Amino acid sequence: MGESDAFEAAARPASARSLSAQAMAARPMPYLDGLNPEQRAAVEALEGPVLMLAGAGTGKTRALTARIAHLLLTGTARPNEILAVTFTNKAAREMKMRVASLMGQPVEGMPWLGTFHAICVKLLRRHAELAGLKSNFTILDTDDQVRLMKQLILAAEIDEKRWPARQLAGIIDGWKNRALTPDKLPAAEAGAFNHRGPELYAQYQTRLRELNAVDFGDLLLHMVTIFQAHPDLLAQYQRWFRYILVDEYQDTNVAQYLWLRLLAQEHSNICVVGDDDQSIYGWRGAEVGNILRFEKDFPGAKVVRLEQNYRSTVHILEAANGVIAHNRERLGKSLRSVGEEGARVRLIGHWDGEEEARWVGEEIEAMGRGTRGMDPVSPDGIAILVRASHQMRAFEDRFLTIGLPYRVIGGPRFYERLEIRDAMAYFRLVVSPDDDLAFERVVNTPKRGLGDKAQQVIQRMARSNGVSLVEGARLAVETGAIGGKGARELRGFVDGLARWRGLMLGGLRAVGPEADDDLLIEEGAVQDRLSHIELAEMILDESGYTAMWQNDKTPEAPGRLENLKELVKALEGFENLQGFLEHVSLIMDNESDDQEEKVTLMTLHAAKGLEFPAVFLPGWEDGLFPSQRAMDESGIKGLEEERRLAYVGITRAEEVCTISFASNRRVYGQWQSQMASRFVDELPAEHVEVLTPSGLHGHQNMSSSASPVAGMMQGSALHEAAARADVYNSPGWRRLQQNQARPGLRQPSEARNMTIDAEAISVFALGDRVFHQKFGYGAVIGIEGDKMEVAFDKAGEKKVVASYLVSADAADDVPF
DNA sequence: CGATCGAAGCTTTTT
DNA sequence: GCTTCGATCG
């Protein structure tokens with residue numbers, strides 16, 4: 001729709017446009033008001049390549065949207081001549097809204113403002129045949145992908161145990177991110193997946209084509225391949241997309257980069273916005289190099305740096321600057337605050353993860369009341385940002401017990417849930433009966449007595465006749481290849497599909513006079529054009545799917561039924577099932593629209609682009625954050641990405657930023673003692689306030705401060721440091737230092753060890769009887785640096801840090 | 001074919 | 001520790 005207009009627009013002589021541009025220039029441009037000089041420069045440099053380096057909170061969305069408004073209002077471009085790409089639907093939506101509000105009118109058109117994927121789907125549907133597909137191809141999600149690969153691995157007689165499909169999926173995804181088609185794989189990749197990777201990749205692509213399906217990576221990859229193979233077509237789009245804007249450029253992968261470069265290379269009217277310091281998606285193929293290289297790719301690029309931060313106070317910003325300064329690979333930029341000095345970043349250590357959660361809960365309640373002369377902060381303005389989602393659990397548990405309302409962002413998405421995917425598979429089968437993957441998914445869900453054997457029969461039947469699985473199933477029943485109970489059930493299933501499809505087609509058909517005497521159509525007519533919502537309900541009921549969950553007495557069954565209801569409700573926004581399926585394959589967000597004021601719990605990744613008056617950053621412990629795995633797998637690069645994550649976390653905070661760590665944490669069920677994160681040491685001391693933990697530790701220093709709040713008011717970092725100075729001179733401390741003087745371990749800083757009880761420090765030998773606050777009495781059975789393996793009498797074998805142990809006979813002296 | 005038991009695994013996540 | 005997957009048994 002509107003696409004032919006776009007072609008006409010592109011064909012119009014340029015002079016007409018520049019004329020109107022001059023005419024418009026005289027008009028007031030309110031969207032420019034209040035922009036700082038840098039932002040303004042980025043907005044007004046319409047021609048040629050522009051690189052906008054926009055730090056956190058520097059108003060880049062504002063600049064980007066103003067630029068679009070400027071393009072439109074000066075008449076430089078029409079809405080359909082602008083290609084504006086984002087990564088998430090949310091960002092796309094926001095951009096659309098903000099452009100509209102800047103222009104003071106709804107933006108009609110802007111058909112090419114969207115995510116990379118949404119735009120590529122649109123393009124690929126028009127040119128599907130150039131990729132060997134039909135334009136109604138289905139888009140597989142990760143689950144389908146893996147199942148498909150599992151089949152291929154099985155067929156290739158590879159031990160799926162040693163070479164799991166997930167891993168292959170990861171490898172192939174990586175290749176697609178780098179725009180490597182099977183025929184372009186470099187020799188270096190030959191060894192992947194036990195030397196079978198390349199061959200399986202080729203098979204996988206063939207299979208996808210047979211299924212008339214693509215995965216997410218294909219959307220970009222196919223378009224790049226098509227553009228490369230068809231210069232004429234590319235040229236058409238180059239003329240069409242006269243102005244290109246890209247958000248979050250630091251997150252682009254090679255395929256996206258190539259796609260953009262192909263489209264932009266003729267006119268070079270490309271404006272990219274990004275922040276190399278916020279590149280946190282390297283693990284899924286993002287290439288920071290793209291942004292670092294932009295000036296080389298597009299010679300003469302105008303580089304604009306947005307460094308004026310409007311979000312955070314001085315202390316918060318300086319803390320973030322201090323941490324990120326430890327990264328080597330940077331374009332270099334540092335944020336200036338225009339705000340107040342504000343409060344320092346608060347740092348606190350805790351005994352364990354539960355105590356950390358408890359403390360955060362109390363702090364949030366205190367903030368709600370308003371402490372330290374600060375205005376009360378509503379739960380809505382508070383976020384807890386964790387490195388990994390499993391960390392959320394401790395907080396959820398705690399918030400549940402104290403009745404603090406919270407919302408979790410991220411986690412399993414609505415459309416990724418089992419029951420939703422099953423239901424969708426039914427819909428898919430009705431809409432496109434040759435969707436074999438959907439068939440496989442639900443043929444025996446609910447149980448129809450169709451096990452492996454029956455399914456193999458269907459597969460064989462379908463393959464030997466060159467038909468879809470649905471058709472194969474029908475044949476299998478008719479020829480008696482499947483008999484007994486299974487056959488009856490299968491017939492019911494296949495007939496059901498046909499009937500629903502008939503109803504769908506009948507329901508869509510206008511009430512024609514010549515409604516033929518086909519029974520199915522007539523049924524539809526009796527119902528007077530069954531709505532797609534009723535149809536969906538009917539499918540779920542008659543297939544027995546709803547009943548399956550109703551009869552399920554596991555605790556999650558009611559929730560699943562609830563979700564199914566929600567799914568049906570979501571259909572209301574669409575004309576028909578097809579439209580819905582198309583939408584869902586790309587839009588996977590799960591915005592809950594509840595109004596209640598809640599604390600937000602989410603991962604650091606999910607927090608990018610957001611801001612909150614108060615932010616808690618728990619779990620700053622080496623191994624957790626920075627994540628051990630990131631460092632093991634990607635070394636220094638991984639570490640730097642983790643550090644950027646820290647930077648993203650700190651810069652989410654507007655007024656209060658609280659970082660915390662715990663000395664003990666359960667990791668995969670095992671208690672582990674933790675070291676404070678190295679990022680803690682990188683925080684510039686002058687912008688940090690060290691809080692006294694509320695628990696059992698450090699009590700000898702805080703006899704005067706019974707509550708954590710009182711403690712934080714009195715205890716400046718300096719004060720604490722002074723109070724602790726003696727600790728580091730004790731013989732026990734020195735011996736501890738020697739024990740842990742392994743390469744790679746840095747000197748612990750004051751903050752890292754603030755929970756250490758001076759009196760308790762001592763060094764033990766194998767077999768010593770010891771006492772631990774949490775686990776009680778036990779015997780030392782292993783020593784690993786500063787970590788002791790102890791067989792506790794009651795709690796079993798644990799690894800703990802030596803400083804939390806006291807000799808068993810001294811235990812009575814330690815006041816707990 | 002379905003239920004039950006044991007082993008292995010286990011970031012981050014959008015589309 | 002908890003979940004998920006596969007193998008094995010009835």
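Predicted, not measured: the structure shown is a model, and the values here were computed from it.
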Say whether A:Tyr406 and A:Glu396, considering side chains only, have a donor N or O and an acceptor N or O under 3.5 Å apart. yes
Show, in sequence, the C-alpha distance, side-chain angles and deciding distance for A:Arg428 and A:Arg441, and conclude whether the side-chain contact (heavy atoms from CB on, under 4.5 Å) test is met. CA-CA 11 Å; A:Arg428 271 161 63 186; A:Arg441 188 179 178 96; 6.0 Å; no
Is the distance from OP1 or OP2 of C:dG6 to the nearest side-chain N or O of A:Lys150 less than 4.0 Å? yes
Atom-to-atom span, CZ of A:Arg93 to C1' of B:dT15 - whole angstrom: 13 Å
Can you check nucleotides 1-4 of chain C for protein contacts, nitrogen or oxygen pairs under 3.5 Å, and list what you find?
unit_1: C:dG1; atom_1: N7; unit_2: A:Tyr668; atom_2: O; d: 3.3

Please classify B:dT12 as syn or anti, treating any glycosidic angle within 90° of 0 as syn. anti
Under 4.0 Å between a side-chain nitrogen and a carboxylate oxygen: does that hold for A:Asp173 and A:Lys176? no
Calculate the interatomic distance between A:Leu219 atom CG and B:dT14 atom P; express it in whole Å. 16 Å
Please list, one pair per line, the donor and acceptor atoms closer than 3.5 Å that link side chains of residues 630-640 of chain A to other protein atoms, with sequence neighbours excluded.
unit_1: A:Asp632; atom_1: OD1; unit_2: A:Gln628; atom_2: NE2; d: 3.0
unit_1: A:Glu633; atom_1: OE2; unit_2: A:Arg629; atom_2: NE; d: 2.9
unit_1: A:Glu640; atom_1: OE1; unit_2: A:Glu329; atom_2: N; d: 3.4
unit_1: A:Glu640; atom_1: OE2; unit_2: A:Arg328; atom_2: N; d: 2.8

Residue closer to the 5' end of DNA chain B, A:Ala454 versus A:Thr88 (nearest nucleotide): A:Ala454
How about A:Tyr281 and A:Trp283: are their ring centres within less than 6.0 Å of each other? yes
Integer-rounded Å distance: B:dT14 C1' and A:Phe87 CZ: 9 Å
Going by distance alone, is a donor N or O of one side chain under 3.5 Å from an acceptor N or O of the other, for A:Asp215 and A:Tyr204? yes
Touch check for A:Gln256, heavy atoms < 4.0 angstrom, all strands: base, sugar-phosphate only, or nothing? nothing
Determine whether a donor-acceptor pair (one donor, one acceptor, N or O, separation below 3.5 Å) exists between the side chain of A:Arg387 and the base of B:dT11. no
Grab the CG-P distance between A:Leu124 and B:dT15 for me, whole Å please. 18 Å
Do we see A:Tyr281 stacking on the base of B:dT13, given a limit of 5.5 Å between centres and 30° between planes? no
Sugar-phosphate, base or nothing in reach of A:Ser627, heavy atoms under 4.0 Å: base
Rounded to whole Å, the CZ-P distance (A:Arg284 to B:dT12) equals 13 Å
Measuring to OP1 and OP2 of B:dT14, would you say a side-chain N or O of A:Asn89 lies under 4.0 angstrom away? no
A:Phe227, A:Tyr237, A:Phe137 screened by ring pair (Phe, Tyr, Trp, His ring centres under 6.0 Å) with A:His127, the one that passes: A:Tyr237
Contact nearer the 5' end of DNA chain B, comparing A:Asn444 with A:Gly217: A:Asn444
Check: A:Gln205/A:Asp218 side-chain N/O donor and acceptor closer than 3.5 Å: yes
Name the pairs: protein N/O against N/O of nucleotides 3-5 of chain B, kept only if under 3.5 Å.
none

Test side chain to side chain donor-acceptor pair (under 3.5 Å) applied to A:Gln151 and A:Gln459, A:Arg207, A:Glu440, the passing residue: A:Glu440
Whole-Å distance separating the CZ atom of A:Phe625 from the C1' atom of B:dT11: 12 Å
Please determine whether a side-chain nitrogen of the Lys or Arg among A:Arg560 and A:Asp422 lies less than 4.0 Å from a carboxylate oxygen of the Asp or Glu. no
With a non-hydrogen cut-off below 4.0 angstrom, is A:Leu450 in contact with a base, only sugar-phosphate, or nothing? sugar-phosphate
Indicate whether OP1 or OP2 belonging to B:dT12 is found under 4.0 Å from a side-chain N or O atom of A:Ser389. yes
How close or far is atom P of B:dT13 from atom NZ of A:Lys90, stated in whole angstroms? 13 Å
